[in-house]
Amino acid sequence: MNPERLQQIILSPVISEKSTSAADLSNQVVFEVLSDATKNEIREAVEKQFSVAVEGVQVMNVRGKVKRFGKTPGKRRNWKKAYVRLAEGQDIDFMGGA
């Protein structure tokens with residue numbers, strides 16, 4: 001795969017109560033990824049950027065909420081979320097040892 005594309009696939013980690021419990025219970029990390037990324041691309045990007053072994057990837061498309069912006073109705077953007085299951089004993093430290 002194109003190394004430049006692999007660098008662009010992962011947009012940010014998703015830090016929420018649900019993602020924290022997934023990390024504790026089933027050794028999963030949650031990322032926001034490009035909406036056209038495939039499971040194989042996500043797997044390779046995580047393995048390359050964080051030097052970890054990936055067991056599996058589950059993806060879901062999150063629909064943007066319909067919200068009001070003042071008087072004007074609007075819609076937030078759609079995005080894709082990836083649950084990445086790491087191999088036993090693997091870990092990604094986002095805080096840098098803090």
Side-chain angles (χ1 to χ4, degrees):
M1 301 224 172
N2 187 356
E4 295 170 3
R5 167 111 170 123
L6 291 178
Q7 291 291 325
Q8 297 171 349
I9 287 177
I10 298 174
L11 300 177
S12 66
V14 176
I15 307 298
S16 65
E17 188 173 344
K18 185 174 180 179
S19 67
T20 304
S21 67
D24 293 338
L25 298 176
S26 55
N27 203 23
Q28 289 183 329
V29 183
V30 185
F31 293 103
E32 180 179 348
V33 296
L34 290 178
S35 58
D36 63 341
T38 63
K39 288 183 179 184
N40 289 332
E41 288 177 334
I42 295 168
R43 174 190 298 267
E44 285 188 37
V46 170
E47 287 177 344
K48 183 176 178 183
Q49 287 185 9
F50 299 105
S51 301
V52 294
V54 174
E55 281 186 1
V57 177
Q58 294 176 315
V59 296
M60 85 188 296
N61 291 312
V62 180
R63 293 179 51 179
K65 291 182 177 181
V66 176
K67 304 285 275 187
R68 290 180 53 91
F69 298 102
K71 290 184 175 182
T72 311
K75 182 180 175 295
R76 292 185 182 167
R77 66 180 184 84
N78 298 332
W79 56 287
K80 186 179 253 186
K81 186 189 319 190
Y83 286 86
V84 179
R85 183 182 304 276
L86 302 177
E88 198 65 36
Q90 300 287 316
D91 189 27
I92 296 176
D93 185 21
F94 295 112
M95 300 302 285

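Predicted model only: the values in this text are computed from it and were never measured. Position 1 is the first residue of the sequence; numbering continues from there. All values below were derived from every heavy atom in this structure, side-chain atoms included, with hydrogens, water molecules and symmetry-related copies excluded.
Within the 4.5 Å cutoff, side-chain heavy atoms of Lys81 are placed close to those of Tyr83. Side chains of Leu86 and Val29 form a contact here, defined as non-hydrogen atoms less than 4.5 Å apart. Using a 4.5 Å cut-off on side-chain heavy atoms (C-beta onward), Leu11 and Leu34 make contact.
Of all the heavy atoms in Ala45 and Leu6, the pair that sits closest is CB-O, 3.5 Å. Nearest heavy-atom pair, Asn61 versus Lys80, reported as atom, atom and distance to 0.1 Å: OD1-CE, 3.3 Å.
To the nearest 0.5 Å, atoms CG (Asp93) and CZ (Phe50) are separated by 10.5 Å. Of the inter-residue distances, the one linking Arg43 atom CZ with Glu55 atom CD reads 9.0 Å to the nearest 0.5 angstrom. Residue Gln90 holds its CD atom at 9.5 Å from CD of Glu47, rounded to the nearest 0.5 Å. Separating the CZ atom in Phe69 from the NZ atom in Lys75 is a distance of 10.5 Å, to the nearest 0.5 Å. How far NZ of Lys48 is from CD1 of Ile10: 11.5 Å, rounded to the nearest 0.5 Å. For the atom pair CD (Gln49) and CD1 (Ile92), the distance works out to 9.5 Å, reported to the nearest 0.5 Å.
Criterion: ILVMFWY side-chain heavy atoms under 4.5 Å apart, direct or through other members. Under it, Val30 and Val52 are not part of a common hydrophobic cluster. The cluster map of Ile, Leu, Val, Met, Phe, Trp and Tyr, joined by side-chain heavy atoms under 4.5 Å apart, puts Ile9 and Val46 in the same cluster.
Remark: Arg77 engages Glu32, Trp79 in a side-chain contact (heavy atoms from CB on, under 4.5 Å) (not counting sequence neighbours).
Of the residues Val14, Thr38, Ile42, the one that meets the side-chain contact (heavy atoms from CB on, under 4.5 Å) test with Val33 is Ile42.
Asn78 places a side-chain N or O within 3.5 Å of a backbone atom of Gly64 that can act as its donor or acceptor partner.
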